[in-house]
Amino acid sequence: MGFNAFNYGANAVCFEKNGRKYGMICSWATQVDYDKVVMLLGAQSATGRNIAKGDIIGVSVLSAEQEDVMERLGNHHSDQMDKLAGLDYARDGSAVLINNASVTMVVEVLDIYHLPGIEEDHLVYGLIKSYTKTGLPMLRPDLG
C-alpha cells in the first residue's frame, strides 16, 4: 500500500434508511473539532452513495477484538446483502451502533463535499450529537 502518514483505524459507518441497513468500514476518518468529524467514503460504496445531508448515522470505532466485524462490514456492498445480519448492534433512531466498540457516535451529516481530485468520493462532514466510550482498546489494523 502507499505512503501512510497516520495510523488509520477501523470505523464502522452504519445507518438505516428507507427500510435498508447500510454499513461499511471507513479508515479515512478523523475528528476535526470537539464535536465534528470528517470521513472519506469511496465512490464505490453503496453506503456512501446513500448518505445525504441531514441524515443521522452511526459511527463506531471498533475495538481490538472486533476484527470479525471489520471483515464483515469491509467486504461486499450493502445494496447486495444485509451486512449487519448477525452482528451485535443497537439503534438510536436511524443510527446503527456496533456494540462493544471502543467509541460509538451518533453523527448528523452537515454536508458532503466532492473536492478536486476526489470528485467521485464523498467527504462527509458531521456533527457528533452524542457519543459513548467503553475504554476498550481500538482496533488498529494498519499496525499489524
Side-chain angles (χ1 to χ4, degrees), residues 1-64 66-85 87 89-134 136-144:
M1 187 173 187
F3 170 70
N4 288 324
F6 302 96
N7 289 324
Y8 300 104
N11 307 293
V13 177
C14 305
F15 62 99
E16 185 169 349
K17 186 174 187 178
N18 299 325
R20 178 176 288 280
K21 293 181 185 84
Y22 294 93
M24 67 172 291
I25 294 297
C26 174
S27 292
W28 294 333
T30 193
Q31 187 174 349
V32 294
D33 198 354
Y34 293 105
D35 62 350
K36 307 285 188 325
V37 295
V38 293
M39 301 171 286
L40 184 63
L41 310 182
Q44 78 288 355
S45 167
T47 301
R49 287 192 307 272
N50 283 282
I51 291 177
K53 184 176 179 178
D55 284 350
I56 305 296
I57 62 174
V59 179
S60 302
V61 180
L62 298 182
S63 66
Q66 292 183 305
E67 285 190 38
D68 59 327
V69 176
M70 179 183 68
E71 291 298 322
R72 172 81 179 180
L73 293 175
N75 291 306
H76 307 291
H77 293 287
S78 294
D79 55 356
Q80 297 172 345
M81 65 179 287
D82 182 356
K83 291 170 52 169
L84 296 169
L87 295 183
Y89 65 87
R91 299 231 359 238
D92 186 332
S94 59
V96 175
L97 305 166
I98 304 299
N99 290 332
N100 301 310
S102 295
V103 180
T104 57
M105 295 170 271
V106 174
V107 174
E108 177 184 355
V109 177
L110 298 176
D111 216 334
I112 300 173
Y113 299 98
H114 300 277
L115 302 177
I118 55 171
E119 294 91 355
E120 303 85 19
D121 296 332
H122 313 279
L123 185 65
V124 176
Y125 177 55
L127 171 69
I128 302 169
K129 307 276 287 176
S130 64
Y131 70 91
T132 303
K133 293 172 66 173
T134 63
L136 295 169
M138 295 177 186
L139 177 58
R140 306 276 299 271
D142 58 322
L143 297 179

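Every heavy atom of this structure was used, including side-chain atoms; hydrogens, water molecules and symmetry mates were not.
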Partner set under side-chain hydrogen bond (donor to acceptor under 3.5 Å, both in side chains) for [X], not counting sequence neighbours:
| X | value |
| --- | --- |
| S27 | none |
| S78 | T47 |
| D35 | none |
| D55 | K17 |

So how far is it from [X] [atom1] to [Y] [atom2], rounded to the nearest 0.5 Å?
| X | Y | atom1 | atom2 | value |
| --- | --- | --- | --- | --- |
| I51 | I56 | CD1 | CD1 | 11.5 Å |
| I57 | L41 | CD1 | CG | 7.5 Å |
| Q44 | H77 | CD | NE2 | 6.5 Å |

Output side-chain donor-acceptor pairs under 3.5 Å for residues 105-117, partner residues at least two apart or in another chain, one line each.
unit_1	atom_1	unit_2	atom_2	d
H114	ND1	E119	O	3.0
H114	ND1	D121	O	2.8

So, using side-chain contact (heavy atoms from CB on, under 4.5 Å) as the criterion, who are the partners of [X] when residues are at least two apart?
| X | answer |
| --- | --- |
| N75 | E71 |
| N18 | none |
| T134 | L136 |
| R20 | Y22 |

Practice item. Could you name each residue pair satisfying salt bridge (Lys or Arg N to Asp or Glu O under 4.0 Å) that touches residues 41-51, not counting sequence neighbours? Key: R49-D79
Identify the heavy atoms of [X] and [Y] that sit nearest to each other, and give their distance.
| X | Y | value |
| --- | --- | --- |
| I128 | Y34 | CD1-O, 4.4 Å |
| V96 | Y89 | CG1-CD1, 3.4 Å |
| L84 | C14 | CD2-SG, 3.9 Å |
| G48 | M24 | N-SD, 4.3 Å |
| G58 | L97 | CA-CD2, 3.7 Å |
| V13 | C26 | CG2-CB, 3.9 Å |

Revision key, fill the gap. side-chain contact (heavy atoms from CB on, under 4.5 Å) with W28: of L40, L123, V38, only one passes, and it is L40
Review point. Tell me, do M138 and L62 make a side-chain contact under 4.5 Å, heavy atoms counted?
Key: no
Exercise for review: May I ask you to test the N11-M39 pair for a side-chain heavy-atom distance under 4.5 Å?
Suggested key: no
Exercise for review: Would you check if the side chain of E67 reaches a backbone N or O of M70 as a donor-acceptor pair within less than 3.5 Å?
Suggested key: no
Exercise for review: With sequence neighbours excluded, tell me which residues meet salt bridge (Lys or Arg N to Asp or Glu O under 4.0 Å) with R91.
Suggested key: E16
**Study point:** K133 atom NZ, over 12 foreign heavy atoms within 6.0 Å
**Key:** no
Practice item. Among residues two or more places apart or on two chains, list those pairs meeting side chain to side chain donor-acceptor pair (under 3.5 Å) that have a residue in residues 97-106. Key: D88-N99
